[in-house]
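Beneath this line is the structure, given in structure tokens, with notes to follow.
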Number of protein chains: 2
Amino acid sequence: MASETHSTRERLIGAAARLFQERGYASTGLNDVLAAARAPKGSLYHHFPDGKEGLAVAAAALASERFLATICKDASDSGDATQMIARFASRLAGWLEQSGFKLGCPVATLTLEQAAVSDRLASTLSAAFSSWQDALAARLKADGISEHRSGELALLALCAIEGALVLARAKRSAAPVMEVAGTLGALFAREA
Amino acid sequence: MASETHSTRERLIGAAARLFQERGYASTGLNDVLAAARAPKGSLYHHFPDGKEGLAVAAAALASERFLATICKDASDSGDATQMIARFASRLAGWLEQSGFKLGCPVATLTLEQAAVSDRLASTLSAAFSSWQDALAARLKADGISEHRSGELALLALCAIEGALVLARAKRSAAPVMEVAGTLGALFAREA
DNA sequence: CAATATATAGACCGGTCGGTCTATGTGGAG
DNA sequence: CTCCACATAGACCGACCGGTCTATATATTG
């Protein structure tokens with residue numbers, strides 16, 4: 001043990017999170033995850049007795065934390081909400097372009113494929129979206145916008161960015177993300 | 001022939017469109033589609049020599065047309081863009097709730113799963129989103145909003161609704177769709 | 001009528017799926 | 001040292017996958 005920087009469990013979750021984001025749940029075989037994590041099948045079922053579903057829950061939780069950390073970083077690095085949105089959109093556009101438009105939202109594909117099937121996964125994903133919305137709302141509130149209005153605008157922004165990431169993948173262009181971010185940024189500037 | 005209201009080809013496309021929307025691409029087996037369309041496998045490969053990918057392109061085109069028709073109907077039935085968004089969101093909320101939160105955007109799951117894989121599907125999906133955006137923009141322009149601003153707001157609205165449909169499936173609640181629509185409606189009212 | 005293209009019908013194939021199983025290695029507690 | 005829980009290791013299973021194949025029925029056309 002400790003021969004690797006990450007334990008087998010962590011490598012499994014990390015590989016699963018990346019593959020589920022890129023290819024989705026159903027198209028990602030457990031053998032793909034095992035190969036990427038350099039782990040045998042026995043280890044997977046030792047750490048995740050529930051199999052693929054349990055692995056997906058853990059992967060979604062990891063993706064949720066990482067994305068939240070990114071949002072919080074961009075929020076604290078920015079002087080206002082308009083700047084935050086611009087920074088965040090640029091980052092997402094970079095991810096899209098560098099990955100050949102494979103990397104969008106870390107959990108959107110998982111949500112659309114599995115939220116209606118797995119209760120555990122649905123609640124993890126629901127919490128993820130709420131935490132992201134709350135982080136955006138906190139930045140808006142810090143700009144002097146009312147609590148209620150901050151929540152409303154944060155939901156609009158989150159949904160618009162999520163939708164723009166879907167369009168971006170269909171069009172293979174980051175333009176929808178950048179354009180939507182511009183519109184949102186102008187809206188925020190008018191509110192503050 | 002004509003013994004059925006729909007030809008075998010049409011039944012195959014219809015069944016595929018419905019199943020891809022509900023379960024996604026990878027989770028929908030061809031045998032599921034064949035059973036739903038009451039057709040043998042030979043017919044599928046007769047009408048769609050490219051197999052699953054060709055079927056998905058046809059299903060996406062059908063879904064695109066139907067959704068466009070829905071948007072256009074709500075647009076023409078409404079006095080202004082604010083009313084249109086409210087009507088459209090109510091309709092989507094109804095679909096979500098009546099289906100147990102299985103039916104969201106007719107092509108979003110397909111997009112996230114396959115847009116990076118299939119060029120033909122990506123271009124069909126890209127055209128679908130553009131046609132929807134154009135229909136929304138036309139309604140905004142009819143309210144007296146400038147051409148450029150109409151396009152900008154239409155993109156924001158489309159992306160926000162798409163994203164709200166993702167959140168709605170994770171949360172198993174139509175609330176995100178209704179709330180986002182409310183925010184968008186108020187924004188439109190301020191612009192006109 | 002015969003001839004031909006269109007469409008239906010489903011058995012069948014190799015490959016891959018998620019999951020189970022038994023066996024082996026390993027590190028700390030007594 | 002023994003002992004035992006933890007973890008690794010991968011062979012193996014039945015089910016299902018998308019796709020191919022041959023055979024048959026049904027229109028259309030000369």
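Just so we're on the same page: letters track the sequence lines, and every chain starts at 1. None of the values given here were measured: they were computed from a predicted structure. In what follows, every heavy atom counts, from backbone to side chain, and hydrogens, waters and symmetry copies are set aside.
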Quick one: on DNA chain D, does His47(A) or Tyr25(B) contact a more 5' nucleotide (nearest heavy atom)?
His47(A)
Tell me: [atom1] of [X] to [atom2] of [N], nearest whole Å?
X         : N       : atom1 : atom2 : answer
Glu10(A)  : dT8(D)  : CD    : P     : 11 Å
Phe48(A)  : dT8(D)  : CZ    : C1'   : 15 Å
Asn31(B)  : dA15(D) : CG    : P     : 15 Å
Arg38(A)  : dA9(D)  : CZ    : C1'   : 15 Å
Leu44(B)  : dG18(D) : CG    : C1'   : 10 Å
Gln114(A) : dG18(C) : CD    : P     : 11 Å
Glu53(B)  : dG18(D) : CD    : P     : 14 Å
Tyr45(B)  : dC12(C) : OH    : C1'   : 14 Å

Hey, what do you get for OG1 (Thr28(A)) to CZ (Arg18(A)), rounding to the nearest 0.5 Å?
9.5 Å
Output for pair (Arg139(B) CZ, Gln83(B) CD), nearest 0.5 Å, gives 8.5 Å
Nearest to the side chain of Ser43(B), which nucleotide is it out of dT8(D), dG19(C), dT8(C)?
dT8(C)
Whichever of Leu30(A) and Pro40(B) has the more 5' nearest nucleotide on DNA chain C, that residue is Pro40(B)
Consider only side-chain N and O atoms of Arg11(A) and Thr8(A), and report whether a donor and an acceptor are under 3.5 Å apart.
yes
Thr111(B) and Arg169(A) side chains, donor-acceptor separation under 3.5 Å
no
Base, sugar-phosphate alone, or nothing: which one does [X] contact when heavy atoms must sit under 4.0 Å apart?
X        : value
Gly42(A) : base
Ser27(A) : nothing
Lys41(B) : base

Please say whether the positively charged group of Lys171(B), taken as NZ for Lys or CZ for Arg, lies over the ring of Phe129(A), i.e. under 6.0 angstrom from the six-membered ring centre and within 45 degrees of the axis.
no
Given dT8(C), is OP1 or OP2 found less than 4.0 Å from the side-chain N or O atoms of Thr8(B)?
yes
May I ask you to verify if any side-chain N or O of His46(B) is less than 4.0 angstrom from the OP1 or OP2 atom of dT8(C)?
no
